[in-house]
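Worksheet: one structure, shown below.
So you know, we letter chains A, B, ... as the sequences are listed, proteins then strands, and number each from 1.
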There are 2 protein chains.
Amino acid sequence: MENNDFVKELGYLGFTMRLKRISDAMMHEGRRLYSDLDVDIEPNWYVIFKLLKSRGAKSVTEIAESIRMAHPSVIHITNKMMDAGYLISEKDPTDSRKRVLDLSTRAIKKLPEYEKIWDAGESGVEKALKGLDALELISTLEDKFFDKGFKERTQEQLKNKKS
Amino acid sequence: MENNDFVKELGYLGFTMRLKRISDAMMHEGRRLYSDLDVDIEPNWYVIFKLLKSRGAKSVTEIAESIRMAHPSVIHITNKMMDAGYLISEKDPTDSRKRVLDLSTRAIKKLPEYEKIWDAGESGVEKALKGLDALELISTLEDKFFDKGFKERTQEQLKNKKS
DNA sequence: TATATTTGCGTAGTTAACTACGTAAAAAGT
DNA sequence: ACTTTTTACGTAGTTAACTACGCAAATATA
């Protein structure tokens, strides 16, 4: 691997971009993996499978909150999973605005096969990151940038400089 | 901030997704920042400004390699910067396939103003991450996942499990 | 009880990266 | 010198997130 990485030279200024590059690269690898394995699922589906398996049926908004995604993203993902036959959807009997999603029997039948892949993926990541405090750092990043974001922090710095 | 984060509970399995979420969130904050400040630039442009300022004129492919992006992405970004009047583009005299990009005089005139913003952004990130080995971890992630990706690591694990 | 607000869901449009492929020029091979 | 391969760039199409907005149902308020 060459070392011509200009973004790396930029220090903290390049941090966000480097984060995105790695995230994009890993995401992309994930897609290639599924396509190589010739499996009928897509990258982010695992989190829906796991969530509904462990917590039972949930509405769209509940899912969005549980995984910290915007609800339109959840609709998009779960619609594709429904088309593939992995989810069932029912109106909530007490609140007709809500649509409650749950795993189909097909999903439950297929889960063991898919969990082997996810376990292998997890082991691979774990092996690569063991001893690096990576999960702790991610938690810190979440704490620091989910509540008071990058924007607010920059604006504070701009104000400080003026005084 | 509530602590209903299911992805966090997934350990290393949720690592990639958490990385993407933070990256997306920071990216989004960046866009909001520029829109709040009412400046005529977009998030990733800074890296092109900085690169051409420090290294001088470069071709599309050279830029792509320097910042580790696919060349169509560079074309996309630099076309917008050209439309905004920040870049000039010329054919390479010795190789007519190449298109060489450089900062315009307008860009050079505007740079000090923009660098104030970027400095503030960098300070904000630095303050949030100081003492956390964040840059070191990013470097490790790059080393581990740019060369031998997530896919290959998972496939190794799948093989191991079978034996 | 009537009105106003909040909540849940869906659609539409935006953003920013990527791969795949095509074309033309340059370089390498025979 | 001719042919093949590589390189550089551009376009088209895909993916996956987001915000903004609108509608309808439920809840709160007057």
Side-chain angles (χ1 to χ4, degrees), chain A residues 7 16-32 34-36 41-48 58-82 89-101 146 149 151, chain B residues 7 16-36 41-48 58-65 67-82 89-101 146 149 151:
Chain A
V7 184
T16 304
M17 196 175 193
R18 290 170 76 189
L19 214 60
K20 177 155 178 57
R21 286 191 315 191
I22 297 174
S23 158
D24 283 351
M26 292 182 78
M27 215 66 182
H28 186 73
E29 286 286 302
R31 305 202 74 254
R32 279 184 52 206
Y34 282 121
S35 123
D36 269 30
I41 47 176
E42 289 177 30
N44 278 329
W45 294 12
Y46 82 92
V47 75
I48 308 287
K58 272 184 177 287
S59 74
V60 172
T61 303
E62 280 170 346
I63 293 174
E65 282 167 357
S66 300
I67 64 177
R68 285 174 169 285
M69 274 195 172
H71 83 268
S73 308
V74 172
I75 291 173
H76 189 74
I77 294 169
T78 54
N79 277 347
K80 286 203 283 188
M81 291 177 72
M82 275 181 53
S89 159
E90 283 182 347
K91 277 248 170 300
D92 186 310
T94 69
D95 186 338
S96 71
R97 294 169 307 175
K98 288 189 188 173
R99 192 160 66 85
V100 176
L101 299 169
F146 274 165
K151 190 192 100 185
Chain B
V7 183
T16 304
M17 194 174 195
R18 290 170 77 189
L19 215 59
K20 177 157 178 54
R21 287 190 316 190
I22 297 175
S23 158
D24 283 350
M26 294 182 77
M27 214 67 182
H28 186 73
E29 287 285 303
R31 304 202 75 254
R32 279 184 53 207
L33 173 65
Y34 283 118
S35 124
D36 270 29
I41 47 176
E42 289 178 30
N44 278 330
W45 294 10
Y46 83 92
V47 76
I48 308 287
K58 271 183 178 289
S59 74
V60 172
T61 304
E62 280 170 346
I63 294 175
E65 282 167 356
I67 65 177
R68 285 174 170 286
M69 273 196 171
H71 84 268
S73 307
V74 172
I75 291 173
H76 189 72
I77 294 170
T78 54
N79 277 346
K80 287 202 283 187
M81 292 177 71
M82 276 180 53
S89 159
E90 283 182 347
K91 276 248 172 299
D92 185 310
T94 69
D95 186 338
S96 71
R97 293 169 306 174
K98 286 191 189 171
R99 192 160 65 86
V100 176
L101 298 169
F146 274 166
K151 190 192 100 183

Salt bridge (Lys or Arg N to Asp or Glu O under 4.0 Å) partners for [X], two or more places apart:
X      : answer
D95(B) : R97(B)
R18(B) : E142(A)
K98(B) : none

Boundaries of the DNA chain C segment in contact with chain B, non-hydrogen, under 4.0 Å: dT15(C) to dA26(C)
Atom pair distance, as rounded to whole Å: CG in D92(B) and C1' in dC9(D): 13 Å
Length of the NZ-C1' vector between K58(B) and dC9(D), whole Å: 17 Å
Residue pair D92(B), R99(B): steps toward the side-chain contact (heavy atoms from CB on, under 4.5 Å) verdict: CA-CA 6 Å; D92(B) 185 310; R99(B) 192 160 65 86; over 6 Å; no
At a cut-off of 3.5 Å, list every protein nitrogen or oxygen paired with a nitrogen or oxygen from nucleotides 4-8 of chain D, distance to 0.1 Å.
unit_1	atom_1	unit_2	atom_2	d
dT7(D)	O2	R97(B)	NH1	2.5

Value rounded to 0.5 Å, distance of CD1 in I75(B) from CE in M69(B): 13.0 Å
Touch class at under 4.0 angstrom, heavy-atom based, for K91(A) against every strand present: nothing
Touch class at under 4.0 angstrom, heavy-atom based, for R21(A) against every strand present: nothing
Pairs flagged by side chain to side chain donor-acceptor pair (under 3.5 Å) wherever residues 69-81 of chain A is involved - sequence neighbours left out: E42(A)-K80(A)
Whichever of I75(A) and K20(A) has its nearest DNA chain C nucleotide further upstream toward 5': I75(A)
5'-most by nearest nucleotide on DNA chain D - S96(A) or H71(A): H71(A)
Exam field: side chain R31(B) to backbone M26(B), donor-acceptor pair closer than 3.5 Å: no
Donor-acceptor pair, side chain of E62(A) and main chain of S59(A), under 3.5 angstrom: yes
